[in-house]
Enquirer: 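Sharing a structure below in structure tokens format, with a few things to ask.
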Amino acid sequence: MTNTATSILVVDDEVDTCRNLADIFADLGYQVATAHDGNAALEKLQSSRYDIVLLDLMMPGMDGVALYEEMKRQRPGMVAVLTTAFPNHPRAEESLKAGVWRIVPKPVDLTRLLRLLDEAAHLPFVLIIDDDADLCASLWDLLTEQGFRVTFAHDVRSATELLRNDAFNVVLIDMRLPDGDGWEVLRMVHQVESQARTIFITGHRTELGPSLEGSDREAADAFCYKPFDVQELLATVERLSRLRSN
Amino acid sequence: MDAEKLFARYRELQSYLGWSPDDALRVQAVESVLTPCLPSLIDDFYAEIERHASTSKVIIGGEQQINRLKQSLIRWLQELLSGPYDQDYVVRRWRVGWRHVEIGLDQVYTNVALSRLRFGLLGALGQAWQGDQQGLVATIQSLNKLLDLDLAEIEDAYQTEHWSRHQRDERLATIGKVAGGIAHELRNPLNVIKTSAYFLLNARNASPEKVTEHLQRISQHVTASDDAITALSNFAKMPLPTLSPFSIASCVQDVLETERLPSNVQVELDIVPTLSPALGDAAQVRIVFGNLIRNARDAMASGGRLTISGRAVNDGVEVAFNDTGVGIPADQLGRITEPLYSTKARGLGLGLALAKAIIEKHRGTLRAESELGRGSTFTVQLTAPSSDERNKP
């Protein structure tokens, strides 16, 4: 993990609104980038990572919801805050279904917005490493619902990249991955992210057998067997997320 | 509605139909014969109403309401036969029409209902008639005049009330649209002003440059808010154009320079070099071109080509703005020049309305063609100056 400032991408077709928010956020120590339409925002995403995206609903071309849907496909770990002058617009409601974290009515109440950003920046961050895309999507919904920030990786390579760039509270690791095995990932988590708590996911209890004899450092903090007991998994993530000392 | 005016109008209609005191006497003479038939007439009338969905739907109070309605219908028929046909009588007829609008009864039912009552009344009269044929015909004619006068009154009331309600609704809708447009257009600059003020008040590390930048921004957006209000109030009182010959090509150039289109929009100019000047108010035409070019830009959010072509036509000059943007659905194409009508996320919806108003004051035309998903073409036609005018500076 790297210990950088929280980064925010502000997307609004009102150039001056963008600039002002950027100045205010930067003054508070955030790293800020701005974009004035959906395509520009997606381009920014190619070269940089952001913790939070603050996006306007009504924009020419791609609207805020369509943009977020695309962003989520590429970077599910970004926390999205939608601003809109029309909080009752049907699209605003759809944004929540798409996974937007909070909606802030325009003109924005800055005190409230800044409090939300601070909250978003400190959401316990969960990484799911599993090649099952549907499982990842379901866990994303379940865990964000519970107040977690969630991202996922389907293979060791992309998991490695995420672990290098972000600080995670809890990492869920599938035993079998297309380009490696869970133990390899577990070792890496402990190397780069010593504070993170780990949960091992497996379909077979016996898979874990021999490795449990390894050193304590290599062992996961918890084990989860497929099919999950969802309640139990959520409770475990919850418990472990509180253990990480920030 | 003024009762005296209503009565005066009724008197006028009476004389138009040739209504005389003799008519009144003839109707009064059969009052006692017809009165006993009224209850059965009315029962038949309401039975018919209940058979039809479009008439029965306005009766929402059940049996009780029907009884009340029967009472008032009886009263109406009794008054019809007895008179006097004075001011109060007319006002009561007027109220019937007013009431029909209130309950949402379709006007055609007033006609057919009266026709049915007329049929019943005349039938009863024919059966009870003791005198000669000539007397019967005269009485039928008197009754018909009376019924037609009532119908005219009720319909007049219906139309007047219906129209005034329609206007009230339109007015409210317009106020709503204007308010929405202003709110939309002012909210953005106000939001910028508010956030700049927040920065100035709260920033911990504001450099002098940043402070100046935010103060300037506040000033700019106060101007932008003011402009939005001015645009709206100016819309109604656009000054008459001062017509003089001007070059289409340089007018288009001027606008393109101020609009600064994004790099993903390609601009292609296809203006005949020998194109004769157009006659118009260059400053106002720039507003028109500016609006058309901005619309084209907005229609091509993900890039495209804007072709601006100019050529001579019959007795004038034609400039076409063709974009490869999203296009306008056919059902909206007719409405786009309505003031405050907008299909865009931002804006008051005045651009095309203003363009149209300006071009009309130039005695020119603004034409729109569009194909959904393909793009739109807006064509402005202006007159060319006469040879005298062309020689003016």
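Just the heavy atoms: all of them, side chains too, but no hydrogens, waters or symmetry mates, feed the values below. Just so you know, these numbers come straight off a predicted model, no measurement behind them. Proteins get letters first, then strands, A, B, ... in listed order; numbering begins at 1 in each.
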Enquirer: Measure distances from A:Asn39 to the heavy atoms of chain B and classify the residue's part below 4.5 Å as side chain, backbone, both or neither.
Expert: side chain
Enquirer: Measure the spacing between OG1 of B:Thr195 and CD of A:Glu14 and express it to the nearest 0.5 Å.
Expert: 10.5 Å
Enquirer: Within this structure, what is the CD1-CG distance for the pair B:Ile193 and A:Asp16, rounded to the nearest 0.5 Å?
Expert: 10.5 Å
Enquirer: I'd like to know whether CD of A:Glu145 has more than 12 heavy-atom contacts from other residues, nucleotides or ligands below 6.0 angstrom.
Expert: no
Enquirer: How about A:Arg157: does its CZ atom have over 12 heavy atoms from other parts shown lying under 6.0 Å from it?
Expert: no
Enquirer: Nearest 0.5 Å please: distance from the CD1 atom of A:Ile24 over to the OG atom of B:Ser196.
Expert: 7.5 Å
Enquirer: Looking at chain B, which one of A:Asp63, A:Thr111, A:Asp37, A:Leu28 has the largest number of heavy-atom pairs inside 4.5 Å, strictly under?
Expert: A:Leu28
Enquirer: Less than 4.5 Å to any heavy atom of chain A: does that hold for the side chain of B:Asn264, its backbone, both, or neither?
Expert: neither
Enquirer: At their closest point, which heavy atom of A:Asp27 faces which heavy atom of B:Ala203, and how far apart are they?
Expert: OD2-CA, 3.1 Å
Enquirer: For B:Arg217, which atoms come within 4.5 Å of any heavy atom of chain A: side chain, backbone, both, or neither?
Expert: side chain
Enquirer: Counting heavy atoms not belonging to B:Glu369, are there more than 12 under 6.0 Å from its CD?
Expert: yes
Enquirer: Answer yes or no: is there a side-chain heavy-atom contact under 4.5 Å between A:Arg19 and B:Val192?
Expert: no
Enquirer: Looking at B:Arg305, I want to see if its CZ is surrounded by more than 12 non-hydrogen atoms of other residues, nucleotides or ligands under 6.0 Å.
Expert: no
Enquirer: Tell me if the CD atom of A:Glu119 is crowded by more than 12 foreign heavy atoms within 6.0 Å.
Expert: yes
Enquirer: Less than 4.5 Å to any heavy atom of chain B: does that hold for the side chain of A:Leu113, its backbone, both, or neither?
Expert: neither
Enquirer: Measure the spacing between CG of A:Leu21 and CZ of B:Phe199 and express it to the nearest 0.5 Å.
Expert: 11.5 Å
Enquirer: Measure the spacing between NZ of B:Lys194 and OG1 of A:Thr17 and express it to the nearest 0.5 Å.
Expert: 12.0 Å
Enquirer: Can you tell me how far the CG atom of A:Asn20 sits from the OH atom of B:Tyr198, to the nearest 0.5 Å?
Expert: 12.5 Å
